[in-house]
Number of protein chains: 2
Amino acid sequence: MKIKSELPLALRTAYLALHRQSDSQFAPHGLTADQFVLLAALSRGQALTQRELARRMPSDPSTVRAMLVLLERHGLVQRDTHPTDSRARTVALTAAGKRKFRQLWTAGEPIRAKMVGSLQHDEAETLVRLLIKVAESLNAVSVPLDSETSNQTQEVES
Amino acid sequence: MKIKSELPLALRTAYLALHRQSDSQFAPHGLTADQFVLLAALSRGQALTQRELARRMPSDPSTVRAMLVLLERHGLVQRDTHPTDSRARTVALTAAGKRKFRQLWTAGEPIRAKMVGSLQHDEAETLVRLLIKVAESLNAVSVPLDSETSNQTQEVES
DNA sequence: AAATACTCGTGCGTATACGCACGGTAAATT
DNA sequence: AATTTACCGTGCGTATACGCACGAGTATTT
């Protein structure tokens with residue numbers, strides 16, 4: 001099955017192309033593509049904990065922390081201690097952060113238009129649906145390390 | 001158009017899921033997901049220059065160089081000076097490199113099976129086709145910084 | 001042949017991506 | 001209440017990803 005072996009590279013190629021284009025488009029604004037993803041996640045759910053933010057990116061908690069340190073230094077986000085859980089910290093956009101995010105949203109529009117523009121309307125929907133499906137199947141369970149265990153695939157989730 | 005704004009995140013999510021799974025699957029073998037991509041590219045075209053190799057990954061020449069330094073140290077690849085162009089260097093898998101690649105190919109099979117397994121047969125083909133389409137449209141020409149260009153990029157609000 | 005333009009690899013700096021381990025705190029168990 | 005367990009953020013180490021600039025070599029033009 002050729003398709004099976006081509007899918008990973010196709011996915012990689014498309015993602016890296018998106019990432020590069022975004023980086024170059026956002027660079028004049030002083031931000032990276034990933035920082036934009038973080039700001040976007042924050043703009044839709046204020047007062048998130050760092051872990052919850054990481055889950056939504058999705059990204060690693062320790063990566064998110066490094067990004068937050070930078071963004072906080074630039075005055076785009078603010079971190080406060082969680083009201084009830086003293087371990088956690090809540091993260092929120094500052095006024096400057098919200099402004100910057102709107103700026104980048106506009107700056108990124110040509111890229112989004114380009115991606116979707118080459119597709120039929122239903123193709124775009126199909127693509128998103130299949131990508132989500134693939135991501136879910138990958139995140140589902142752990143791949144058995146070698147042999148055996150056949151199909152013990154359990155479904156968590158509902 | 002909601003789809004347009006969801007596509008980038010869906011693409012990111014799927015790719016990172018693949019990358020994480022691959023990394024964890026290859027870790028016992030002492031290699032990373034990206035190193036596997038490099039070995040795969042080499043296994044299908046020997047005696048590539050570093051730039052050509054980078055083009056096929058696809059990746060950045062300076063990134064590829066760093067990876068080659070590591071892989072060469074591990075004895076998986078070999079770099080020689082190009083026969084006719086003294087600026088360039090040709091890269092090839094060593095015997096150990098070929099062996100390692102076959103090992104990883106097998107180790108990665110469950111991941112590929114998982115990705116494709118959640119899809120209908122025609123869906124997998126569609127997905128690959130659409131990913132390639134998106135990547136091409138992103139790589140084609142640079143996005144104008146602000147002017148219009150009028151082709152067919154219509155403005156759509158979020 | 002000489003000057004110019006282009007290309008290859010390298011080195012450097014910054015930002016991600018992630019695993020792992022540690023200290024502190026909350027939640028669950030006894 | 002005391003203990004165990006689970007979870008949050010942090011710090012550290014390694015590997016990518018990419019831009020940029022430099023030196024050396026090749027190709028093109030004059």
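Below, read A as the first sequence line, B as the second, and so on, with proteins coming before strands; counting in each chain starts at 1.
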Atom-pair distance ([atom1] on [X]; [atom2] on [N]), nearest Å:
| X | N | atom1 | atom2 | value |
| --- | --- | --- | --- | --- |
| B:L68 | D:dA17 | CG | P | 12 Å |
| A:L38 | C:dT16 | CG | P | 9 Å |
| B:R55 | C:dC8 | CZ | P | 11 Å |
| B:F26 | D:dT16 | CZ | P | 13 Å |
| B:D23 | C:dC20 | CG | C1' | 15 Å |
| B:Q35 | D:dT14 | CD | C1' | 10 Å |
| B:M67 | C:dG9 | CE | C1' | 17 Å |
| A:Q50 | D:dC7 | CD | P | 17 Å |

**Asked** When you measure from the side chain of A:R12, which nucleotide among D:dG9, C:dT16, D:dA17 comes out closest?
**Response** D:dA17
**Message:** Among C:dG19, C:dA15, D:dG25, which nucleotide has an atom closest to any side-chain atom of B:S86?
**Reply:** D:dG25
**Request:** Just call it for B:T63: base, sugar-phosphate, or nothing, with non-hydrogen atoms closer than 4.0 Å on any strand.
**Result:** base
**Request:** Would you mind telling me which residue lines up with the more 5' stretch of DNA chain C, A:T84 or B:L16, judged by nearest nucleotide?
**Result:** B:L16
**Prompt:** Pick the nucleotide of DNA chain C nearest each of B:R51 and A:A66; which residue has the one closer to the 5' end?
**Reply:** B:R51
Give a yes or no on whether a salt bridge exists between [X] and [Y], defined as a side-chain N under 4.0 angstrom from a carboxylate O.
| X | Y | result |
| --- | --- | --- |
| A:K2 | A:E6 | yes |
| B:E52 | B:R55 | yes |
| A:R112 | A:E109 | yes |

**Message:** Which is more 5' along DNA chain D, the nucleotide nearest A:T90 or the one nearest B:P58? Just name the residue.
**Reply:** A:T90
**Asked** Does B:L70 or A:D85 map to a spot on DNA chain D nearer the 5' end, using the closest nucleotide for each?
**Response** A:D85
**Message:** What I want to check is whether an N or O donor and acceptor connect the side chain of B:R87 with the base of C:dT7 at under 3.5 Å.
**Reply:** yes
**Prompt:** Within the modelled atom types, does a donor on one side and an acceptor on the other bring the side chain of A:S62 and the base of C:dG19 under 3.5 Å apart?
**Reply:** yes
**Qualifying residue for side-chain contact (heavy atoms from CB on, under 4.5 Å) with A:L127, from B:I3, B:L130, B:L11, B:T126** = B:L130
Looking only at side-chain N and O atoms, does [X] come under 4.0 Å of OP1 or OP2 in [N]?
| X | N | value |
| --- | --- | --- |
| A:S59 | C:dA17 | yes |
| A:R79 | D:dT10 | yes |
| B:R20 | C:dC18 | yes |
| B:T32 | D:dT16 | yes |

**Item:** Step-by-step side-chain hydrogen bond (donor to acceptor under 3.5 Å, both in side chains) determination, A:S62 to A:D60
**Value:** CA-CA 5 Å; A:S62 88; A:D60 187 272; 3.0 Å; yes
**Message:** Students often mix this up, so state it plainly: with edges at 30° and 60°, are the rings of A:F26 and A:F36 parallel, tilted or perpendicular?
**Reply:** tilted
